[in-house]
Amino acid sequence: MPTLTQRLLERLTPAFDALEPGADPVLRGSDRADYQVNGVMPLAKRLGRNPREVAEDIVAGIDVGGLVAAVEIAGPGFLNITLTDEALLEQLDAMASDEVLGIPAATTEEVCVVDYSAPNVAKEMHVGHLRSTVIGDSLCRTLEVLGHTVVRRNHVGDWGTPFGMLIEHLIDQGEEEAVAGLSVGDLNGFYSEARTKFDADESFQDRSRARVVSLQGGDAETLRLWRILVAESVRYFDAVYTDLGVLLTPQDVVGESSYNPMLEAVVDDLDAAGLVEDSGGAACVFPPGFTNREGDPLPLIIRKSDEGFGYAATDLAAVRNRVDILGATRILYVVGAPQAQHFEMVFAVARMAGWLPEGIEAVHVAFGNVLGPDRKMFKTRAGGTVKLQDLLAEGIDRAADALAGRNHDPETLDLVARQVAMGAIKFADLSTDRARDYVFDWDRMLAFEGATGPYLQYAHARIRSIFRKLDVDHVPTSGALRLDHPAERALARHLVALPDAIESMMESYSPSKLCTYLYDLAQHFTGFYESCSVLNAPDEATRASRLELCELTASTLRLGLDLLGIEAPERM
RNA sequence: GCCUCAGUAGCUCAGUGGAUAGAGCACUGGCUUCCGGAGCCAGGUGUCGGGGGUUCGAAUCCCUCCUGGGGCACCA
């Protein structure tokens, strides 16, 4: 199903092509009309003609039939376009009968691998994992709605030297007791005990180092113990994901260690391609354009001088796996901004090696930090890292306080408090441009006014309450829609722009664009709600029409929030 | 030093080379025969970090400087 913007563009293109083949109309939304066309002036410039005359030619060349009610030439050569109400109504009807509300399927169906969240085994998740998890999840949900095949990859840190001491500590503690402690989620306690012992006890250090060697050597008993740590950690991650309401499952966990068997081949194949240089005993690739502090070429270290592999090798192996085995045509890495150079280098080397062929997109979806009220990295009062579970629990408590006195039974209160808390936390995170840092502020994100999750949820709940009053779940689409009042029309115009908002979001992998759209939608709805009584509409036909607008708005809010990973409660 | 990201209203932030740069919060005033007042309406704010340049047109593109964050060889 084409979007209104696409349909309009089809009408404009021939008129522009007639004057210059391929000329871009530069069609945009507008606050002066339904759309504005900005492409006339640059075209006139290229043609060496008067822009207003060119505008007149364009206007004469547009087939307005059924779609366009008015084209007005304004200012130096803008075209302000007003759609016919019929076109809007037609689009709304089509939306209403479409499961995904008129969001068009992608023109080519891709296999998208999304690498996100990535906590570390034997460590608890903290606020630093929030953005990757929440942004990645939203991108996955949206790619799926667009018809792509999405492969989630939780690239957990499950390998490295700390596992020597962790396994030794596991042995010291006794498996049963250790598992009992880990299963309640006290991963940090376990880790810090091991660390303390390691720092204080030389013989423990020796055992730990020996254990690392056994682990890397594939010793069966060591691997068994290591798997216990991994399994308990994954179980804990899963509990956090369930609380947070993200789609990641244990099946999506493909840790760093999974790529171990492929690392030798990475070096060998790079070497065979003539890309590897030895530098101080390390096997390196020097992709062009990267320099270090001294201005010398900067290497991507594939194998360290101690024969060990660094994470560059793992990431390269992962690229190969994702392209060759999973058939990825697009790979997204939802990883913090500090890794930008690393990914540039990995992608560059993968391209040099032919592992990322032309046409396969690899994108580092970078994001900024979560800051505390002091605008520094968000920490607890004591200066420690903020555990994600603690953060979520506090959000639920605060949401429950805010909802107190609203006549919910205890079970409903608990459910709604969770939905509101997660909505608040996620919306606050997603609504800020991902490249920027943002300040974590409970009072602001949990407010029911302003651009917040709860405000959007509230808008949805308020619509649903209208249907409750009627004692119906939904109204059938009956072609009863009419746009008599300006507020009805404004709402309708915004409703049909959902696909444009999704497109804009995915162009830059910025869920904040969808957040803005949904907030604007809620604003348009309240404008409608204030001036157009639904249940007490002047007549049956108006009431039926307004109910359909309510239905569509609720559906759009629900779908949009779902793409952000936010639930839309029936009542709050 | 080099690279990179950011700098927009008192605060938090939007802003796809287009028209008078917009929201929210906060502040002030108003609105309640009304479907959820957790709402709505009205009030006013800006050297878009500074300075050049490109352009018919720049918050947006280019150069330069300032400020802040991050990165810059064997941790991931």
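We name chains A, B, ... by the order of the sequence lines, and we start the count at 1 in each one.
- Base-pair partner of B/C2: B/G71 (Watson-Crick or G-U wobble, both distances under 3.5 Å).
- The residue A/Gly295 sits apart from the nucleic acid: no heavy atom pair falls under 4.0 Å.
- Look at the C1' atom in both B/C2 and B/C61: the space between them is 23 Å, to the nearest Å.
- Taking the six-membered ring wherever Trp is involved, the centroid distance between the rings of A/His342 and A/Tyr311 falls below 6.0 Å.
- Look at the C1' atom in both B/G22 and B/G1: the space between them is 40 Å, to the nearest Å.
- Side-chain atoms of A/Lys513 lie closest to B/G15 of the nucleotides B/C35, B/G15, B/G18.
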Polar atoms only, N or O, under 3.5 Å: list the protein pairs with nucleotides 23-27 of chain B and their distances.
none

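- At a threshold of 4.0 Å, the pair A/Arg434-A/Asp429 does not count as salt-bridged, since none of the basic side-chain nitrogens sits closer than that to a carboxylate oxygen.
- Closest contact between the side chain of A/Thr526 and the listed nucleotides B/A19, B/C72, B/C40 involves B/C40.
- Pair check for B/A14 finds none; no Watson-Crick or G-U wobble contact set falls under 3.5 Å.
- Interface remark: the A/Ser279 side chain does form a donor-acceptor pair with the B/A73 base, using a distance-only criterion of under 3.5 Å.
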Report all interatomic pairs (protein N or O, nucleotide N or O of nucleotides 68-71 of chain B) with separations under 3.5 Å.
residue	atom	partner	partner atom	Å
B/G71	O2'	A/Gln341	NE2	3.4

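- Counting distance only, with no hydrogens placed and no angle test, the side-chain atoms of A/Asp31 and the base atoms of B/A19 include no donor-acceptor pair under 3.5 Å.
- B/G39 sits 35 Å from B/G17 when the P atoms are compared, rounded to a whole Å.
- Residue A/Ala282 is in base contact, counting any heavy-atom pair closer than 4.0 Å across all strands shown.
- You'll find that the side chain of A/Arg436 is closest to B/G7, out of B/G7, B/C72, B/C35.
- Residues A/Thr5 and A/Val496 form no side-chain contact, since every pair of their non-hydrogen atoms from C-beta on lies 4.5 Å or further apart.
- The side chain of A/Glu530 has B/C40 as its nearest neighbour among B/C40, B/G18, B/C13.
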